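All figures in this text were calculated on a predicted structure; none of them were measured in a lab. Whatever order the structure lists ligands and atoms in, that order sets their numbers, starting from 1.
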Amino acid sequence: MILDMNDLFSNNNIRSAKSLSGDAAELIENLRKQLHEHNYNYYVLSQPAISDFEFDKLMQQLVELEKQHPEFYDPNSPTMRVGSDINKNFVQVRHRFPMLSLQNTYTEGEVTDFYNRVKRSLNEDFEIVCELKFDGTSISLVYENGRLAQAITRGDGRQGDDVTANVRTIRNIPLVLKGDDIPTYIEARGEILMPWNVFEELNKEREAQEEPLFANPRNAASGTLKMQDPKVVASRKLESYVYYILGESLPAQSHYENMLLARKWGLNVSNTIKRCKTREEVFEFLKYWDVERKKLSVATDGVVLKVDSLLQQRNLGSTSKFPRWAIAYKFNAEQALTRLESVSYQVGRTGAVTPVANLEPVLLSGTTVKRASLYNEDAINALDLHIGDLVYVEKGGEIIPKITGVDKEARFLIGDKVVFAKRCPDCATPLVRNEDEAVHYCPNSQGCPPQIKGRVEHFVTRKAMNITIGPETIGLLYEKGLIKDAADLYALQFEDLVNLERWAETSAKNLLASIEKSKSIPYERVLFALGIRFVGETVAQKLAQAFPSIHLLAQATLEQLTAVEEIGTRIAQSVRDFFENPEFMDFVNRLRAQGLQFELSEETMASRTDKLSGLTIVISGTFELHSRDEYKAMILRNGGKNSGSVSKNTHYILAGSNMGPAKLEKAEKLGVKIIDEAAFLEMIK
Ligand code: IVH
């Protein structure tokens, strides 16, 4: 330890720091050194030397001192870990060395081929370094004179986004390297990951907030890294693993030894890395980690094999995409074998019934799996499922695992065949399955509790009526007989709410205020809130543009509906079904009586044009004058079509700053015209 802790905590130090800025400089320097050291102990070695409380106290002191002495600002101070407030758009930066990817192999035979290829080319002995292939998002960390100067995403391999502010918040990435043998310039290449437990926690929170879930930790990590607010990034607890260093004068001529040095400098190099002399040792590594990786806290999807000697690496060279000195061996998708205990059914707001397998809990990719999706009747029949079967579960890209097979050999006493439910599990109404659909529906839309509650839950979501009420309260109000659909929300009285168990005056008032406020939500969102099957946000906007009042929409024929761009017969029929159902019409009428918006506002009407009619426009990058959503609405309002990806049908790309490099390349290749905000606004003026 550099400074006695008691000294640091004494007020004398702070006081003298205030008066003498020379002392302050030293103090700040000392605190930074200590905190860097503690961070390293905690996040890299997993061996904290002091308690969290003591750590926080040191950090607090440093924050205080830095506030008093802005002249000692340092972007690599440990205090920067908490994330600055600066809202930065990402700048594109060219990689000094390209970020190549790896050729994938899937079998031992292919690994042998690689081995033989290398042997033939080199015509001398070589060693192979085996490393786990971490399944996150790649990053290049540039250290100049031992200090983190820049962190760049892979991008298209030649240039990526500068995400330095976000990366500074990742605890096991050193801001300043340790030791005195550090080259003046190095790039540490590695992977940024979100550990399984953090990922699950995050998705739980998002579910509660009704935000879309991340499909896997990889998406969560890359999504987080691209966020605009480093404070949020800091809260997401990302981790890094460094797997390669680059630079003009590296300390060792062996990849393995460079990795050991990188670890000494404070970079997080996995201790699973192994240097192998023979092919047999390599295969042993593959076999061992195929099983053991399931116990790791982060996702891995294979092993990377690298020729150890840098000289040999140079001799082997690279193609335009891959190095010839390395390959990735990909594991088979992780599977687990467990027993099917029962099948239950979930009823959604549209009445769609989803079968769910209840499983004997089993560990898979670091999490315990108890349930798996069974999709529909056809999927169940294809598996020939019986209760008590041993089934294979796999986590694909989705969060909910799926059943991929049955171990029929293991059937001892065969259980009941799984037959799709005949009646709704909630209201016992016989289920229906339309001829050309795989989905079963419960037709009792007005009397089936999960459908009723589900519709109210949908009605209040942020993108619809934005009423602040959670599913539990909705359930409570429904059970107490206070609401039987969303229109009843508008009839709620203060007394109804305040008498509910555990309800205080403020919460009652807040809910009523939020309900009242929703009356000014524009027509297109009200249309979305109604919960008409297949009418999502964009379709609702289309319909609102084409039929500017609910009256016109309710009367629209199938032909008139399908005449609207992007409205097919499935959506059109669903709209007709909704308005032909007297109960839904009654619901709409009661909402109208409450004063909700059922017509396009005059302002929106007046701003409607067909200036962009027939044009498909892709939006890319970040903007200064309007938000992306606003631009999207403008395109639709002016008769244009907004699309998410560039294709030969794209007419324009409305590009903000730092448009994605992949999009740019595609646009150039297809000759799509790129316009900026000013040009777009001019077009619709
Ligand atoms: S070496 C030229 N080592 O896999 C060397 N990559 O498919 C290129 N990855 O973009 C990379 N773990 O993001 C290497 N131990 C490891 C890795 C690893 C994960 C990722 C990396 C790369 C991708 C290639």
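There is a side-chain donor-acceptor pair under 3.5 Å between Glu124 and Gln312.
The proximity of Lys133 to ligand 1, defined as any non-hydrogen pair under 4.0 Å, involves the side chain as well as the backbone. Both the backbone and the side chain of Leu102 come within 4.0 Å of ligand 1, counting heavy atoms alone. Within the 4.0 Å heavy-atom criterion, the part of Lys306 lying near ligand 1 is the side chain and not the backbone.
Of the candidates Ser270, Gly302, Ser318, Ser138, Ser138 brings a heavy atom nearest to atom 10 (O) of ligand 1.
Atoms CG and CH2, from Asn315 and Trp325 in turn, are 13.0 Å apart once rounded to the nearest 0.5 Å. Separating the CZ atom in Arg32 from the CG atom in Asp74 is a distance of 4.5 Å, to the nearest 0.5 Å. Once rounded to the nearest 0.5 Å, the distance linking CD1 of Ile152 with CZ of Arg189 reads 8.0 Å. Taking CG of Asp301 as the reference point, atom CG of Leu132 lies at 10.0 Å (rounded to 0.5 Å).
At a 4.0 Å cut-off, at least one heavy atom of Phe134 sits close enough to ligand 1 to count as contact. The closest approach between Pro323 and ligand 1 falls below 4.0 Å for a heavy atom of the residue.
Considering backbone and side-chain atoms alike, Glu131 places an N or O below 3.5 Å from some N or O of ligand 1. Residue Leu132 has at least one N or O atom closer than 3.5 Å to an N or O atom of ligand 1.
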> Stepwise, does the salt bridge (Lys or Arg N to Asp or Glu O under 4.0 Å) test hold for Glu292 with Lys295?
Replying inline: CA-CA 6 Å; Glu292 289 302 305; Lys295 299 178 189 153; 3.0 Å; yes
>> Show, in sequence, the C-alpha distance, side-chain angles and deciding distance for Glu127 and Cys276, and conclude whether the side chain to side chain contact (heavy atoms under 4.5 Å, CB included) test is met.
In response: CA-CA 6 Å; Glu127 289 182 314; Cys276 301; over 6 Å; no
>> Lys274 vs Glu281, test: salt bridge (Lys or Arg N to Asp or Glu O under 4.0 Å). Steps then yes/no.
In response: CA-CA 9 Å; Lys274 186 169 185 243; Glu281 271 179 86; 3.5 Å; yes
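Shortest contact from atom 17 (C) of ligand 1 to any protein heavy atom: Tyr243 CD2, 3.4 Å. Among protein heavy atoms, atom 5 (C) of ligand 1 sits closest to Trp325 CH2, 4.1 Å. In terms of protein heavy atoms, atom 20 (C) of ligand 1 is closest to Glu191 OE1, 3.4 Å.
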